[in-house]
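Reviewing the structure listed below.
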4 protein chains.
Amino acid sequence: MPSPDPARRNENARRAVLDATLDLLQEVPYPRITIEGIASRAGVGKQTIYRWWASKAAVLFDAFLLLSARDGSDTPQLPDTGDLQADLTLVLRATVVELNDPRLSDPMRALATELAQDESLAEAYHRQLDAPLREAKRQRLREAQEAGQLADDLDLDVAIDIIWGPILNRWLQRSGPLSDEYVDALLRTALRGMRP
Amino acid sequence: MPSPDPARRNENARRAVLDATLDLLQEVPYPRITIEGIASRAGVGKQTIYRWWASKAAVLFDAFLLLSARDGSDTPQLPDTGDLQADLTLVLRATVVELNDPRLSDPMRALATELAQDESLAEAYHRQLDAPLREAKRQRLREAQEAGQLADDLDLDVAIDIIWGPILNRWLQRSGPLSDEYVDALLRTALRGMRP
Amino acid sequence: MPSPDPARRNENARRAVLDATLDLLQEVPYPRITIEGIASRAGVGKQTIYRWWASKAAVLFDAFLLLSARDGSDTPQLPDTGDLQADLTLVLRATVVELNDPRLSDPMRALATELAQDESLAEAYHRQLDAPLREAKRQRLREAQEAGQLADDLDLDVAIDIIWGPILNRWLQRSGPLSDEYVDALLRTALRGMRP
Amino acid sequence: MPSPDPARRNENARRAVLDATLDLLQEVPYPRITIEGIASRAGVGKQTIYRWWASKAAVLFDAFLLLSARDGSDTPQLPDTGDLQADLTLVLRATVVELNDPRLSDPMRALATELAQDESLAEAYHRQLDAPLREAKRQRLREAQEAGQLADDLDLDVAIDIIWGPILNRWLQRSGPLSDEYVDALLRTALRGMRP
DNA sequence: TGCTAATCGAGACGGTACGTCAGGTCTTTAG
DNA sequence: CTAAAGACCTGACGTACCGTCTCGATTAGCA
């Protein structure tokens, strides 16, 4: 039972599957999306999906890779005007807009729930999708640290968690609305703990 | 088509369903648990489940209510030795132990993913399960605030999010290990931003 | 588990069940009639049906008894003008009209299929419903025999089967249309074999 | 929603279903046979049955086609020794043996009750199963007619009904035992009416 | 530039679970 | 104790998808 030869893979079919998945995510709640539905929407045989992807979650994941490659640059970067709080306010407010937009929020939720259930998928996610983003955040904080705006002994990964964790948690668990005021209050308190 | 009369509900059947659900959660990953499986394990007809619960998630939710009522007291409370950081360290370390224990972690993950997908269930969760816990946290912080250990203008809900959000997010997204060191580093930075 | 005491039986409930059954037979094909449907239509508890009847077929049977008692006299009789062929033509044409009328044909079909499947019900049918009718037929033939219109050695039960069997069979198996012409042709040939 | 492509039909599955049906008919009263039971006995998915057959009755019908194709020749024929009464006695006694044998009688009863309830099935039955048999009967009678043993003006279809109808009716309605004596008495009277 | 082997769309297949319906039993409340 | 009501366990219904499989009909890489 040899695994399929990637060289012979039909790129059209691959794109059709991922596009169909993204389309369906706009129309149907993720749990009700089926492999058969994706195949039929993509005009593709079911076997073509089973040949190249291990699970519905794997398709979803690749669809996200495609989406990210589409609108994000390859090496994401946070703005750096020198004013950390202002820059983060900008970034987090933009994030909040995205998280409040069903077109982005629904697919993200789908991926998030798959990550929560599937350890190996979570690993792939953190390596391929989250890592570059996290590195950009870390880089921005490092620059602030080097500029003396953050404490020298601050653990930057903890800092990232403190800044982004509350928002992501509030979003995913629906524990409250995500507003600009919330972002401001969060950043005010969070950053206060990080200054020298 | 009248909805069933709660007065005639068989408490034995209700308990059997919830117990079976909790049992199965120890054995089978939540997505592979089925209504049929619960019914058969509970020695109950499928219709009895469909009569009283709207979905598998609703059963899961009630099972959690039962579980919480079982080992948590009715009005949870955080320890108060006067030393906020020490108390929170204790609490968070205990939380981390729970989150690292599959017996608790797996069911919680199941509920968390359902909350992420189902708005009305999330509402019920926050009202019935999360609210009392959150109130306990708020109460503990308020006492610290009144004792002058926290800034007067601190938004306690934001504070709660900053303290617990990073941990829950890291746990659910599997973005990194949950260790005592992480708890300590998190609390150190988080609380520093909240002091007067 | 004593069987119920017939003396305490509620006649209203009994009639309501049988009437509901007859009503439903006008509206729904017999195989899709359910005990629950009868009970609900009759405004009667399911248990009341299960207490007094052994099966849906038993209810059907009693409904027929009621129906027969209603429009047939207690001791049915065939016309006797002295002209056997004319009398039988009259009777069979009337029978054919009934068998072509869905309002009568459908319930009869229902009973017929139950008889074919359930030996004890068939026995009850022949004893309670068919016997008087058959006796009337036998009586009419006997009179013809005594009047010298039929052979002395003719087995009257065979004669009855030859006269009515083809019609009933054609009706139940739908092997052809039931018309007056068919009745006439049938009677002509059948009776020719029975004359002295 | 196109109907399935017969070219892709799996003959093994088809045979397994029909064989399983015939097997079950030997073991379980027809009304208690279920599609699930057939599927499981045949080692076949339920959907495979629902894909190719419209109802349990349709499966039963095809099983009968198979059975008939098995032991009956393609073009059945009645014996012709020149002595019509002797030939028919032979045939009807054989029929009576079959009708008294549960292995044949039970499935026939099942089909007969379905025919009584389902007009389109009855049509298919008469076209595919009954017609050739009836033609053979008609042919045998025609030859007797041409040999001057039957009246020239005899309607052969009525004659067939008079000969076979009483037996089938007595069998299906269980109105009396089917014995050789009954066959003889029946034939004696019936044929007497048909001679020139 | 054909050969040939893998991929492709299609969809039948053996299964599992779905959510519904009804069967027959049991319990509750009222008369 | 009967009866209406209806919850209960059971099991079958007919449907939807699962993941595997087979079927021609393209391809795409090698010979």
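All values derive from a computational prediction rather than experimental measurement. Proteins come first, then strands; the chains are lettered A, B, ... in the order of their sequence lines, and each starts at number 1.
A/Tyr30 has its side chain out of reach of A/Pro107: every pair of non-hydrogen atoms, C-beta onward, lies at least 4.5 Å apart. Residues C/Tyr125 and D/Arg174 form no side-chain contact, since every pair of their non-hydrogen atoms from C-beta on lies 4.5 Å or further apart. Residues C/Ile49 and C/Ile38 have side chains in contact (heavy-atom distance under 4.5 Å, counting atoms from C-beta outward). C/Pro29 is not listed as a side-chain neighbour of C/Asp106, based on a closest heavy-atom distance of 4.5 Å or more.
By the 4.0 Å N-to-carboxylate-O rule, C/Glu114 lies too far from C/Arg109 to be salt-bridged with it. Between B/Arg41 and B/Glu27 there is a salt bridge, since a side-chain N of the basic residue sits under 4.0 Å from a carboxylate O of the acidic one.
Position along DNA chain F of the nearest nucleotide to A/Ala54 versus B/Asn10 favours B/Asn10 as the more 5'-ward residue. If you find the closest nucleotide of DNA chain E to C/Lys56 and to A/Gly45, the one lying nearer the 5' end belongs to A/Gly45. Residue B/Ala42 is the one, among A/Gln47 and B/Ala42, whose nearest nucleotide of DNA chain F lies closer to the 5' end (criterion: closest heavy atom).
Here the P atom of nucleotide F/dC17 and the OH atom of A/Tyr30 are 15 Å apart, to the nearest Å. Between the CD1 atom of D/Ile49 and the C1' atom of F/dA12 there is a distance of 13 Å, rounded to whole Å. We find that CD1 of A/Ile33 is positioned 18 Å from P of F/dA16, with the value rounded to whole Å. The distance between atom CD of B/Glu11 and atom P of F/dA7, rounded to the nearest whole Å, is 16 Å. Protein atom CD1 of D/Ile38 is 12 Å distant from nucleotide atom P of F/dA12, rounded to whole Å. Rounded to an integer number of Å, the gap from D/Asp5 CG to E/dG9 P is 19 Å. As rounded to whole Å, 17 Å separates atom P of E/dC21 from atom CD of D/Glu36. In this structure, B/Tyr50 atom OH and F/dG6 atom P are separated by 23 Å, rounded to whole Å.
Counting only N and O atoms by type, the side chains of A/Thr21 and A/Asp23 include no donor and acceptor under 3.5 Å apart.
Heavy-atom distances under 4.0 Å link DNA chain F to no residue of residues 15-29 of chain B.
Applying the 6.0 Å contact sphere to CD of C/Gln26 captures more than 12 heavy atoms from other residues, nucleotides or ligands. Atom CD of B/Glu11 sits in a crowded spot, with more than 12 heavy atoms from other residues, nucleotides or ligands closer than 6.0 Å.
Side-chain atoms of A/Ala13 lie closest to E/dC8 of the nucleotides E/dC8, E/dG23, F/dG19.
Phosphate contact (OP1/OP2 of E/dA12, side-chain N/O of D/Thr48, threshold under 4.0 Å): absent. Considering only side-chain N and O atoms, B/Arg9 lies nowhere under 4.0 angstrom from the phosphate OP1 or OP2 of F/dA7. Between A/Arg51 and E/dC8, a side-chain N or O to OP1/OP2 separation shorter than 4.0 Å is present. Considering only side-chain N and O atoms, D/Trp52 lies under 4.0 angstrom from the phosphate OP1 or OP2 of E/dC13.
Using a 4.0 Å heavy-atom cutoff across all strands shown, D/Gly43 reaches sugar-phosphate atoms only and no base atom.
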* What pattern of brackets, bars and dots sums up DNA chain F from 5' to 3', given Watson-Crick or G-U wobble pairs under 3.5 Å, [ ] for crossing pairs and | for another strand? -> |||||||||||||||||||||||||||||||
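The CG atom of C/Leu60 sits 9.0 Å away from the OG atom of C/Ser55 when rounded to the nearest 0.5 Å.
Below the 3.5 angstrom threshold, one finds a donor paired with an acceptor across the side chain of A/Arg8 and the base of F/dA28. Put simply, the side chain of A/Lys46 and the base of E/dG9 share no donor and acceptor less than 3.5 Å apart.
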